[in-house]
Amino acid sequence: MGILNSKPSKLRHARVLLLGLDSSGKSTVLYKLKHIKDFTTFPTVGFNVEMIELERNVSLTVWDVGGQERMRRLWGHYCENTDVLVYVVDCVDHQHLEESRREFELILKNEHIRHVPVVLLANKQDLPGALTAEDITRKFHMKKHCGDRNWYVQPCCATSGKGLAQGFCKVTEFVKSRKSREAITWDFFKQN
Ligand code: G3D
Ligand code: MG
């Protein structure tokens with residue numbers, strides 16, 4: 001029989017900022033991830049925050065900040081110490097798509113999240129007329145605006161939960177690579 005001598009790997013904590021226009025599905029995403037079954041979402045006044053652990057040793061504190069116009073002016077205040085930005089898009093709300101794209105571009109310019117990885121959730125894929133993840137990638141100019149960071153676009157349906165596991169797997173993957181890079185840099189400074 002072999003002997004396994006593995007050190008318990010370090011717990012990584014990460015702060016995830018969940019943004020998007022109001023009604024895009026942010027709170028539904030959050031409660032679905034938390035496996036809270038009987039939830040009814042109300043327009044989020046202020047923010048909701050939940051701790052979730054989808055993978056052993058990686059715990060995510062997810063901040064779901066209200067997306068109404070007056071709340072969007074405050075998004076910038078939640079950016080500090082963010083490890084991953086998750087941006088939710090309502091793929092059937094064609095009327096507000098341009099507004100969503102504008103807000104997305106604006107938040108990407110925030111100095112605290114300049115190189116922070118982005119996962120874009122192309123939500124409401126269950127509804128007829130939903131734009132695909134490819135359409136959203138193109139319309140949000142992901143290659144141009146996120147060329148300097150890790151990014152990923154995940155189609156999903158927050159009400160059924162379809163696609164959320166994959167989207168948040170990507171979040172954890174980005175967290176791990178970011179945290180290992182930080183650890184290497186930290187070790188380098190300690191040694192020099
Ligand atoms: P927000 O937190 O971004 O403001 P919510 O958005 O999570 O409150 O969701 C707004 C509405 O969209 C809710 O419906 C919610 O059930 C619905 N919704 C969220 N995700 C999906 C999805 O993937 N598919 C469909 N069909 N609906 C979704 P109500 O009716 O409660 O306003
Ligand atoms: Mg909400």
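Note that ligands are numbered from 1 as they come in the structure, with each ligand's atoms numbered from 1 the same way. Worth saying up front: this structure is predicted, and the values here are computed from it rather than measured.
- Taking 4.0 Å as the cut-off between side-chain N and carboxylate O, Arg102 and Glu105 do not count as a salt-bridged pair.
- Leu33 is listed as a side-chain neighbour of Leu164, based on a closest heavy-atom distance under 4.5 Å.
- Between Asp90 and Lys124, at least one side-chain N (NZ, or NE/NH1/NH2) sits under 4.0 Å from a carboxylate O, which counts as a salt bridge.
- Counting only heavy atoms from C-beta outward, the side chains of Arg101 and His141 approach each other to under 4.5 Å.
- At a 3.5 angstrom cut-off on N or O pairs, Thr28 counts as close to ligand 1.
- Of all the atoms in ligand 1, the ones that sit under 4.0 Å from a non-hydrogen atom of Asp22 are 4 (O).
- Within the 4.0 Å heavy-atom cutoff, Val88 does not count among the residues contacting ligand 1.
- Annotation for ligand 1: atoms under 4.0 Å from non-hydrogen atoms of Gly25 are 1 (P), 3 (O), 5 (P), 6 (O), 7 (O), 9 (O), 19 (C).
- Salt bridge annotation for Glu99-Arg72: present, with a cationic side-chain nitrogen under 4.0 angstrom from a carboxylate oxygen.
- Ion pairing between Glu103 and Arg73 holds under the 4.0 Å rule for side-chain N and carboxylate O.
- In terms of N/O distances under 3.5 Å, ligand 1 is approached by Asn123.
- For ligand 1, the polar-atom distance check finds no N/O of Cys157 at less than 3.5 Å from any of the ligand's N/O atoms.
- The nearest N, O or S atom of Ser27 is closer to the Mg ion (ligand 2) than 2.8 Å.
- Taking every non-hydrogen atom of Leu21 and a distance limit under 4.0 Å, the qualifying atoms of ligand 1 come out as 3 (O).
- In summary, of the residues considered (Trp75, Phe140, Trp151), a ring-ring contact (aromatic ring centres under 6.0 Å, His included) with Phe104 occurs for Phe140 alone.
- When only interatomic distances are considered, the shortest N/O to N/O separation between Asp126 and ligand 1 falls below 3.5 Å.
- With respect to the salt-bridge test (charged N to carboxylate O, under 4.0 angstrom), the residues Glu173 and Lys170 qualify.
- The side chain of Leu127, and not its backbone, has at least one atom closer than 4.0 Å to an atom of ligand 1 (non-hydrogen atoms only; side chain from C-beta on).
- Checked against a 3.5 angstrom limit, the closest N/O atoms of Ala158 and ligand 1 fall inside it.
- Ligand 1 lies out of reach of Gly67, whose nearest heavy atom is not under 4.0 Å from it.
- Under a 4.0 Å heavy-atom criterion, Gly20 is not in contact with ligand 1.
- Heavy-atom proximity to Ser27, at under 4.0 Å, picks out these atoms of ligand 1: 2 (O), 7 (O).
- When side chains are defined from C-beta on, Val119 does not count as touching Phe168, because their heavy atoms never get closer than 4.5 Å.
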